[in-house]
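One structure is given here, and the rest of the page talks about it.
Both backbone and side-chain heavy atoms feed into the values below; hydrogens, waters and symmetry mates do not.
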Amino acid sequence: MGDVNRADLTKVSHEVAEMFDGVAPRYDLMNALLSLGQDRGWRRATVEAVQPRPGQRLLDIAAGTGTSSVPYAEAGLDVVAADLSEGMLAEGRRRHPRMEFVRADVTDLPFADAEFDVVTMSFGLRNVADYPRALSELHRVTKPGGRIVVCEFSTPVLKPFRVLYQEYLMRAFPPVARLFSSNPESYEYLAETIRDWPAQEELAAAFSRAGWTGVQYRNLTGGIVALHRGFKG
C-alpha cells in the first residue's frame, strides 16, 4: 500500500496501527463530532453490559487513549488498557498516568490463559485483520464464567434509515473529517469499514464459533451500533 495515512480494507495490522498513531491526539474529539455526541451514550451502555464489580480483572482491548477504560478503573477494577497503536498508548499514558497501558495485538495477545474476568472492546473489532481469530484469542484469556462485551458499529434495522445512514457515512463523514482532522483519509477508511462490516446476526454467529456461549446482542440508536455479549462456559 505504501501510504500510512490511510489503511485499506485488507487491514494489514502495522499499517492500521500507524494510521491510528497519526490521529491519536484528536481521536476522541473526532468520535464525538462524527457521532453527533452519541458515542458517550454508547459507551455508557457498554459499561452497563459489562456489569463491572470491584476487584475484577478486565482487559479493554483497542482501548486507544483509554477513554473507554476509565469507567472501569473508577469502579474499582484492575484494568489493562491495550492497543496496537503506540501513538494511542502514548496519548493514553499522558492523560491517565495511573492506568496500565499495554501494546497488544488482539489476534496474538501477550497474556496467559484464563487471566481476565471480563474482556471488552469498543469500536475496534472491525479494524482487525482476522476478527474471528481475535474472538478466539479473547476467549482464551478469559476465565471460565467470564464474559465478553463488544460495542461496534452495525447495520441499522430499518431500511430507509439504513440508506440515509450510509449516505451520511460516505458523503458527509469525510468532509467533516477534513474540517477537524489532520488526517481525513483515516476517517474515509473508517467509514468504509463501518459500511462493509457484518450485520448483527452474522457477527453473533462468529462469537459462537469462537467458543462463546449465551451470545446475545442489543441494538443502540436503531442499529447504528450493536452491543454483543457472550460468556465463557
_Linked, directly or transitively: V80 and L125 (ILVMFWY side chains, under 4.5 Å)_ = yes
*asked:* What I want to check is whether the side chains of T120 and D60 have a donor and an acceptor closer together than 3.5 Å.
replied: no
*side-chain hydrogen bond (donor to acceptor under 3.5 Å, both in side chains) between Q56 and D78: does it pass, once the steps are laid out?*
CA-CA 6 Å; Q56 288 182 320; D78 177 13; over 6 Å; no
*asked:* Does either side chain, that of D105 or that of T107, offer a donor lying less than 3.5 Å from an acceptor on the other one?
replied: yes
*Go through the steps to decide whether M121 and V128 satisfy the test side-chain contact (heavy atoms from CB on, under 4.5 Å), and finish with yes or no.*
CA-CA 11 Å; M121 194 173 192; V128 177; 3.9 Å; yes
_Within-4.5 Å side-chain heavy-atom neighbours: V149 and L227_ = yes
*asked:* Please find the pair of heavy atoms, one from A210 and one from P132, that lie closest to each other, and give the distance.
replied: CB-O, 4.4 Å
*Verify the cluster assignment for F207 and V141: are they in a single hydrophobic cluster under the rule of side-chain heavy atoms below 4.5 Å apart?*
yes
_Within this structure, what is the NE2-CZ distance for the pair H96 and R94, rounded to the nearest 0.5 Å?_
9.0 Å
*With side chains defined as the heavy atoms from C-beta onward, is the minimum distance between V106 and L135 less than 4.5 Å?*
no
*asked:* Within the structure provided, determine whether R147 and K232 are in side-chain contact (heavy-atom separation under 4.5 Å).
replied: no
*asked:* Side chains of T155 and V157, heavy atoms from C-beta outward: is any pair under 4.5 Å?
replied: no
*Which pair of non-hydrogen atoms, one from A62 and one from G124, has the smallest distance, and what is that distance?*
CB-CA, 3.9 Å
*asked:* Is there a salt bridge (charged side-chain N to carboxylate O under 4.0 Å, His left out) between R57 and D117? Walk through the geometry before answering.
replied: CA-CA 5 Å; R57 185 160 170 78; D117 299 287; over 6 Å; no
*Roughly how far, to the nearest 0.5 Å, is CG of L138 from CD1 of I148?*
4.5 Å
_Charged N-O contact under 4.0 Å between K143 and E115_ = no
*asked:* Nearest 0.5 Å, please: how far is CG in D108 from CZ in R133?
replied: 5.5 Å
*Under 4.5 Å between any side-chain heavy atoms of I61 and L109, yes or no?*
yes
*If you group Ile, Leu, Val, Met, Phe, Trp and Tyr by side-chain heavy-atom gaps below 4.5 Å, do W212 and L203 land in one group?*
yes
*Do T65 and E91 have a side chain donor and acceptor closer than 3.5 Å?*
no
*L59/F111 under side-chain contact (heavy atoms from CB on, under 4.5 Å): CA gap, chis, key distance, verdict*: CA-CA 10 Å; L59 172 63; F111 305 113; 3.8 Å; yes
*Could you grab the distance from atom OG of S154 to atom NE2 of H228, nearest 0.5 Å is fine?*
6.0 Å
*With the side chain counted from C-beta on, respond yes when E48 and V50 share a heavy-atom pair under 4.5 Å apart, and no when they do not.*
no
*Rounded to the nearest 0.5 Å, how far does OG1 of T221 lie from CZ of F153?*
9.5 Å
*On the 0 to 90° scale, with breaks at 30° and 60°, tag the W42-F123 ring pair as parallel, tilted or perpendicular.*
tilted
*F231-Y217 co-clustered via ILVMFWY side chain contacts under 4.5 Å*: no
*Closest approach of V215 to S208 (non-hydrogen atoms, all atoms of both residues)*: CG2-OG, 3.7 Å
*Quick one: does L84's side chain get under 4.5 Å of R103's, heavy atoms only?*
yes
*Are L89 and L58 connected in the hydrophobic side-chain network, where two residues link if heavy atoms are under 4.5 Å apart?*
no
*Hey, are the side chains of S69 and M99 touching, using non-hydrogen atoms and a 4.5 Å cut-off?*
yes
*Got a second to check how far Y131's OH is from E152's CD, nearest 0.5 Å?*
11.0 Å
*asked:* Give me the atom names and distance for the closest heavy-atom approach of G64 to D83.
replied: N-OD2, 2.8 Å
